Amino acid sequence: MATGKINVSVDNIFPLIKKFLYSDHEIFLRELVSNATDATLKLKHLTSIGEAKVEYGNPMIEVKVDKEGKKIHLIDQGIGMTEEEVKKYINEVAFSGAEEFLNKYEDGAKDTGIIGHFGLGFYSSFMVANKVEIITKSYKDEPAVHWSCDGSPKFTIKKAKKEDRGTEIVLHIAEDSTEFLEESRITELLKKYNKFMPIPIKFGTKTETLPKPEGAKEEDPAPTKEVDNIINNPNPAWTKQPTDLKDEDYSGFYRELYPMQFEEPLFHIHLNVDYPFNLTGILYFPKLTNDLNIQKDRIQLYQNQVFVTDNVEGIVPEFLTMLRGVIDSPDIPLNVSRSYLQTDGAVKKISSYITRKVADKLNSLFKNNREDFEQKWNDIKIVIEYGMLSEEKFFEKADKFALYPTVDGAYFTFEELQEKIKDTQTDKDEKLVVLYASDQESQHSYIGAAKAKGYEVLLMDSPIIGHLMQKLETSKEKLSFARVDADHIDNLIKKDDTQISKLSDEEKEKLKTNLEEVISDKSYTVQLEAMDSDASPFIITEPEFMRRMKDMQKTGGGGGMFGMGGMPDMYNLIVNTNHELVGEILNTKTAKKRERLINQSIDLARLSKGLLKGEELTNFIKRSYEMVK
């Protein structure tokens with residue numbers, strides 16, 4: 001048996017890098033700035049432990065664009081490289097100097113914030129450049145080095161005249177990448193990827209207005225001076241301890257993240273954990289609408305203050321992707337381009353931690369200031385309800401702070417609601433039926449009927465409430481929900497207010513026949529009920545199960561998670577046999593008048609239910625005018 005070592009030919013490595021290393025060529029700037037940051041942070045660590053006998057000072061990274069010369073310069077004041085190190089780190093593709101550094105200084109270097117992983121970041125420069133130069137001088141007392149490569153496996157290396165410590169990368173931009181010679185494009189990329197890098201990044205200069213000298217006239221212009229234009233904030237709020245921040249600091253950082261967002265967030269959650277993984281960040285609860293999609297992809301994922309993506313699916317539980325803010329973790333596994341998450345155990349632990357932290361914060365807000373929490377409920381309920389539906393652990397925790405508002409503006413926890421309902425339902429052993437309205441305006445008459453009987457009516461109007469009610473009914477014993485216009489309501493109202501019908505059995509049979517002769521729509525089932533004479537003569541209800549399935553079909557989007565085939569229309573026409581109008585219909589002598597009374601009465605009930613539309617509504621209006629006339 002023979003053994004050997006596979007040799008990788010590099011003859012075609014550069015075309016592959018240019019085409020396939022990164023999905024988006026703009027990443028080159030992020031990678032080069034990250035490398036410059038690493039070089040600076042390495043020097044900071046070595047000076048702090050006394051290994052580098054140089055002055056660290058106040059280093060910065062500078063980006064310059066030479067549009068005429070078609071070049072981009074990237075200059076740092078970091079650790080620099082010797083000729084031997086250039087050969088080792090640059091000429092060996094995929095050798096990670098950052099990884100080697102972290103391994104060498106394992107005890108103290110883990111908190112330096114060094115970014116590099118794969119050793120490929122530098123080669124991203126060949127995606128936009130047909131020639132790359134490195135002019136570098138090490139912090140050690142060794143000559144500067146000039147390395148040059150034209151995008152083939154061949155390179156040149158010679159001594160350089162550079163006097164200052166650090167590295168300058170010169171990119172000779174290719175014809176197909178001249179967009180990166182525009183200052184506006186570079187500004188855009190630096191603000192996108194490097195806005196919160198830990199080392200100041202200079203890009204050009206800006207004019208700063210100075211105070212007027214003493215004795216200056218009002219019309220005299222204020223003096224100005226040119227200063228370095230620092231693109232980034234090296235010390236963003238999430239890198240600080242919560243104890244060092246005030247509410248205005250969190251508000252200011254929110255505006256820094258979302259400069260075009262004019263509404264203040266409702267509250268924030270500061271994430272800070274170092275075991276069993278490292279994660280920091282700040283999440284904000286904005287005012288939310290009932291739209292489940294429009295708010296997503298506003299949380300930014302960073303790795304050691306380098307922007308990675310705003311698609312945090314997998315790390316942040318789906319129900320929290322409607323929030324805003326920042327998450328930063330060196331422990332989130334990424335592939336070579338730092339652009340896609342590779343799901344593993346660490347990601348699941350991070351997701352669980354975020355869920356728990358958000359639940360604890362909500363519970364704390366509820367306990368510390370319930371009145372304020374109630375005022376914010378309508379702006380945050382969609383997140384909480386979605387979380388209760390999709391995350392079991394969140395569902396368990398939310399039982400303490402999830403609120404159930406009534407149509408009158410009162411708020412109950414589930415435990416409080418149960419006690420309230422028990423007082424209005426006489427049979428304590430039966431299932432508790434929670435009445436609710438989904439639209440206070442269109443269900444106004446039904447709400448009034450239920451409240452007249454002493455029942456509490458909840459207002460549950462979010463788009464996913466049907467799914468959540470199913471979950472609550474499954475998890476809570478002896479509980480069911482019924483909308484105020486559902487068929488359950490009839491049994492509830494009769495419970496402690498039984499009425500005796502004024503009609504004989506023979507009259508009831510005749511009335512039912514009269515009604516069924518006029519009603520052509522077979523989706524209606526006639527039910528005769530003895531109710532209070534002041535109650536409506538005709539009420540339309542819908543089987544709760546069937547109505548809920550239809551609502552869930554809509555929110556599931558037909559073919560979505562809850563999608564199902566078209567559900568048939570089914571309604572109950574409840575006829576109050578004790579109402580005077582019903583007695584008149586029964587005793588009317590002519591069939592034409594009886595038919596007109598039945599049609600008008602049923603259409604009024606349908607109008608109340610929102611079922612009268614199109615031609616039927618037009619005919620109803622025309623008939624109403626004739627009757628008035």
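Worth saying up front: this structure is predicted, and the values here are computed from it rather than measured.
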Set of ring-ring contact (aromatic ring centres under 6.0 Å, His included) partners for Y56, sequence neighbours left out = none
request  = Can you sort out the partners of H146 under ring-ring contact (aromatic ring centres under 6.0 Å, His included), two or more places apart, ordered by chain and number?
outcome  = none
Measure from the side-chain N and O atoms of [X] to the backbone N and O of [Y], and report whether any donor-acceptor pair falls under 3.5 Å.
| X | Y | answer |
| --- | --- | --- |
| T40 | A36 | yes |
| D76 | G166 | no |
| S364 | D360 | no |
| T355 | F394 | no |
| S390 | Y386 | yes |
| R165 | Q77 | yes |
| D328 | N304 | yes |
| Y258 | G325 | yes |
| S177 | A174 | no |
| S329 | N278 | yes |

ask   = Side chains of S462 and E385: is there a donor and an acceptor less than 3.5 Å apart?
value = yes
ask   = Do Y254 and H268 have a side chain donor and acceptor closer than 3.5 Å?
value = no
request  = Mind running side-chain contact (heavy atoms from CB on, under 4.5 Å) on L323 and V383 for me, showing each step along the way?
outcome  = CA-CA 8 Å; L323 305 188; V383 173; 4.2 Å; yes
request  = Indicate the ring-plane relationship of H270 and Y250, choosing parallel, tilted or perpendicular according to the 30° and 60° boundaries.
outcome  = perpendicular
Nearest 0.5 angstrom please: [X] [atom1] to [Y] [atom2], how far?
| X | Y | atom1 | atom2 | value |
| --- | --- | --- | --- | --- |
| K131 | I173 | NZ | CD1 | 13.0 Å |
| C149 | I157 | SG | CD1 | 11.5 Å |
| L181 | I186 | CG | CD1 | 7.5 Å |
| I27 | S125 | CD1 | OG | 13.5 Å |

query = Taking it one step at a time, do K67 and E183 satisfy salt bridge (charged side-chain N to carboxylate O under 4.0 Å, His left out)?
reply = CA-CA 9 Å; K67 190 170 183 179; E183 288 194 7; over 6 Å; no
Do [X] and [Y] have side-chain heavy atoms sitting under 4.5 Å apart?
| X | Y | result |
| --- | --- | --- |
| R324 | P265 | no |
| S184 | T187 | no |
| L283 | L271 | yes |
| T280 | T239 | no |
| D331 | L279 | no |
| I315 | I350 | yes |
| I327 | I354 | yes |
| F122 | E31 | no |

Heavy-atom pair of closest approach, residues [X] and [Y]:
| X | Y | result |
| --- | --- | --- |
| A52 | L43 | CB-CD1, 4.2 Å |
| E168 | I75 | CG-CG1, 3.6 Å |
| M127 | F28 | CE-N, 4.3 Å |
| F307 | D310 | CZ-N, 3.7 Å |
| A359 | K397 | CB-CD, 3.5 Å |
| D150 | F126 | C-CE2, 4.5 Å |

Ring pair (Phe, Tyr, Trp, His ring centres under 6.0 Å) partners of residues 225-247, not counting sequence neighbours, each pair once = F196-W238, W238-F253, W238-Y302
inquiry  = side-chain contact (heavy atoms from CB on, under 4.5 Å), that's the test. Do Q300 and L257 meet it? Break it down for me.
reply    = CA-CA 9 Å; Q300 299 173 13; L257 282 174; 3.7 Å; yes
remark   = Residue set satisfying side chain to side chain donor-acceptor pair (under 3.5 Å) with H172, at least two apart, ordered chain then number -> E133
query = With sequence neighbours excluded, what pairs up with W147 under the side chain to side chain donor-acceptor pair (under 3.5 Å) test?
reply = N91
Using distance only, find each side-chain donor-acceptor pair of residues 197-218 under 3.5 Å and give its atom names and separation, not counting sequence neighbours.
residue: K202; atom: NZ; partner: D228; partner atom: OD1; Å: 3.1
residue: T205; atom: OG1; partner: E226; partner atom: OE1; Å: 3.0
residue: T207; atom: OG1; partner: E226; partner atom: OE2; Å: 2.6
residue: K212; atom: NZ; partner: E218; partner atom: O; Å: 2.8
residue: K212; atom: NZ; partner: D220; partner atom: O; Å: 2.8

Chi angles and distances behind the side-chain contact (heavy atoms from CB on, under 4.5 Å) call for I134, V145 = CA-CA 8 Å; I134 302 174; V145 182; over 6 Å; no
Pairs satisfying salt bridge (Lys or Arg N to Asp or Glu O under 4.0 Å), at least one member in [range], at least two apart:
| range | value |
| --- | --- |
| residues 134-145 | E85-K140 |
| residues 231-254 | none |
| residues 254-281 | R255-E264 |

message = The criterion is side chain to side chain contact (heavy atoms under 4.5 Å, CB included); which residues satisfy it with D372, sequence neighbours excluded?
response = N369, Q375, K376
Pairing residues for L365 by the side chain to side chain contact (heavy atoms under 4.5 Å, CB included) criterion, not counting sequence neighbours = F267, K361, F373
message = Closer than 4.0 angstrom, basic N to acidic O: yes or no for E175 and K70?
response = yes
ask   = Can we say E84 and K87 salt-bridge, meaning some charged N sits less than 4.0 Å from an Asp/Glu carboxylate O?
value = no
key: Atom NZ of K162 with >12 non-hydrogen neighbours under 6.0 angstrom   = yes
query = Given the rule in the side-chain contact (heavy atoms from CB on, under 4.5 Å) test, do Y284 and L266 qualify, once you have shown the distances and angles that lead to the verdict?
reply = CA-CA 7 Å; Y284 294 91; L266 298 169; over 6 Å; no
task = Please identify each residue that fulfils salt bridge (charged side-chain N to carboxylate O under 4.0 Å, His left out) with E391, with sequence neighbours left out.
result = none
request  = Using side-chain contact (heavy atoms from CB on, under 4.5 Å) as the criterion, point out the one residue from I169, V170, L32 that pairs with V132.
outcome  = I169
